[in-house]
Colleague: 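First the structure, then my questions, so here it is.
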Amino acid sequence: MATKWKIRLSGTGGQGVIKGAVILAEGALIDGSNATQSQVYGPESRGGSTRAEVNISDQAILFPKVENPNLLLCMSPEAYDKYAKDLIPGGILILDGEVGKGKEIPGVKIYRCPITEICREAMGSELSANVVALGVINGIANLVSFDAMVESLHRNFKAKVADLNVKAYQLGLDAAKKIEPYTV
Amino acid sequence: MAKVRLVQGNEACAMGALKAGASFYAGYPITPSTEIAEHMAEMMPACGARFIQMEDEIASAGAIIGASAAGAKAFTATSGPGFSLMQELVGYAAITEIPVVFVDVQRMGPSTGLPTLSSQGDIQQARWGSHGDHSIIAIAPNSVMETYYQTIKAFNLAEKYRTPVIFLLDEEIGHLRERFEVDENEEIEIINREKPTCAPEDYVPFENVAGGVPPMASFGEGYRYHFTGLTHNEKGFYSSALPVVDKFNRRLVDKIEKNVKDIFECEELFVDDCDVLLIAYGSVARSAQEAMNELREAGVKVGLFRPITIWPIDEERIKAACAGKKAVIVPEMNLGQYAREVERIVAGSVPVKKLCRVDSELVIPEEIIDMVKEVLK
């Protein structure tokens, strides 16, 4: 398999996991890698489970989906129940808050972080939780450089909101340093 | 230098349409095609082009046909259910020989089906959705970059052959975002319909010219003539005279089918050096290519024939590609709509295996690898 990173971001409609995936994939392109971004969502505009997928590779990416991610983010309990089993052995599992607590799957590196709570407390709303999550992801796995992510955030948000999101991204990077990963 | 951007297939289609010179869009939004309307609504006014949201799909198809008759390069974007509603007017555009482009971003059907999920279920609808023996051109790209260039080609072919062209994205490609690196000032061949050079009183709008495509005057340019969905003579008026009807119907088909070599485009990978040939198009062709690469690394001789033009089919080319193979596998996200064409063309000379998925998920490379191993057992 040529593809290096197979990432799945999952949560509930409205949490911004697709937008998060777009920002991450565009950041990877800015870094000079190849990237694809795709998604599966239901007909609802809020609620329902949403999954967004990103492949990042130095080579051309053919199959654009992610069957078995090596990095999985779950932002909702439903998403965890649905997708945790797809993660490859030894893969990186990032869980928001209490998601999946008590039923952690074995053999993967679990990084638990109160992503939504951090966002709410520091930013006064949960709107940027997706971008905090991107900070956590890159803090752990270093997929995309800081400068490329800042550029991508500016491409994907209007000026005023972009700066707020750079702040949210930094919150995620900082939070990642404090996570103690565990395996069950 | 073109800036590298992350672009979605639907957006690339919208950009390609503008590059091709699209000056009129009429549509009724439907998932998974809606982003095309959104981008056109944003981009068209700045270029002096017209965007109109119609009350439904039938009106949308009527509006683009009218706009094209008045000289515009016109198109619409829809998905399966909307495309079904447009079928009568696809036939009208075919019989009146008015160039228009119908973008159909395929989703799971039949009917409302699964609105947000993918399918390649409109392969035969594109060909036979409207009644009668007309021909049609349909194109299915497999990447965001190719979507841009093939959208331009769709407009070019519509203009060149005075025909509706169906641009068959599937949801996977329509919604896929990936690397897009195009110089917007790049010189690309843009074809505009041939116009009459004779005086208005000498104009024969549906003349049986050599090549089968008569020049087309725009309404409002002083050429007074008649469009009708009735079978018509060279002047454009209703005729039921047997020789006229026969000649007319044959010309509608021949002007496309006899130019298949000019229209048909495909990608061939290891076709001459393989035991098993995969035939795949659109998003599924990416899975097929990945399967091929993995199998070849393991020493299994597999090739890929990827039709970019879905209709018309260059049958000689497919026959030649399939000749002598142990098997041909056709993976697709429907129950064998293209495979049946391959079966018809090879006519039993090579075993044709269908690999069909209709659960809304993209065919994965592993499924193809498994079937290749199975047929080589």
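Just so it is clear, the values below take in all heavy atoms, side chains as well, and ignore hydrogens, waters and symmetry mates. Here is the naming used below: chain letters follow the sequence lines, and residue numbers restart at 1 for every chain.
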Colleague: Which atoms of B:Asn293 come close to chain A, meaning under 4.5 Å heavy atom to heavy atom: side chain ones, backbone ones, both, or neither?
Modeller: side chain
Colleague: Can you sort out the partners of A:Glu67 under salt bridge (Lys or Arg N to Asp or Glu O under 4.0 Å), two or more places apart, ordered by chain and number?
Modeller: none
Colleague: Got a sec, which residues hit salt bridge (Lys or Arg N to Asp or Glu O under 4.0 Å) with A:Glu26, two or more places apart in sequence or on another chain?
Modeller: A:Arg155
Colleague: The criterion is side chain to side chain contact (heavy atoms under 4.5 Å, CB included); which residues satisfy it with B:Leu269, sequence neighbours excluded?
Modeller: B:Glu267, B:Gln289, B:Met292, B:Leu304
Colleague: Quick check with a 6.0 Å cut-off and a 45 degree axis cone: is A:Lys6 positioned over the face of A:Phe63's six-membered ring?
Modeller: no
Colleague: For B:Arg357, is there an ion pair with B:Glu367 - N to carboxylate O distance below 4.0 angstrom?
Modeller: yes
Colleague: Kindly give the heavy-atom pair with the smallest separation between B:Leu176 and A:Ser38, and that separation in Å.
Modeller: CD1-CB, 4.2 Å
Colleague: Does any backbone or side-chain atom of B:Val363 lie under 4.5 Å from a heavy atom of chain A? Answer side chain, backbone, both or neither.
Modeller: backbone
Colleague: Does either side chain, that of B:Gln120 or that of B:Asp170, offer a donor lying less than 3.5 Å from an acceptor on the other one?
Modeller: yes
Colleague: Between A:Val22 and chain B, which part of the residue has a heavy atom less than 4.5 Å away: side chain, backbone, both or neither?
Modeller: both
Colleague: Mind checking which of residues 96-103 of chain A sit less than 4.5 Å from chain B, heavy atom to heavy atom?
Modeller: none
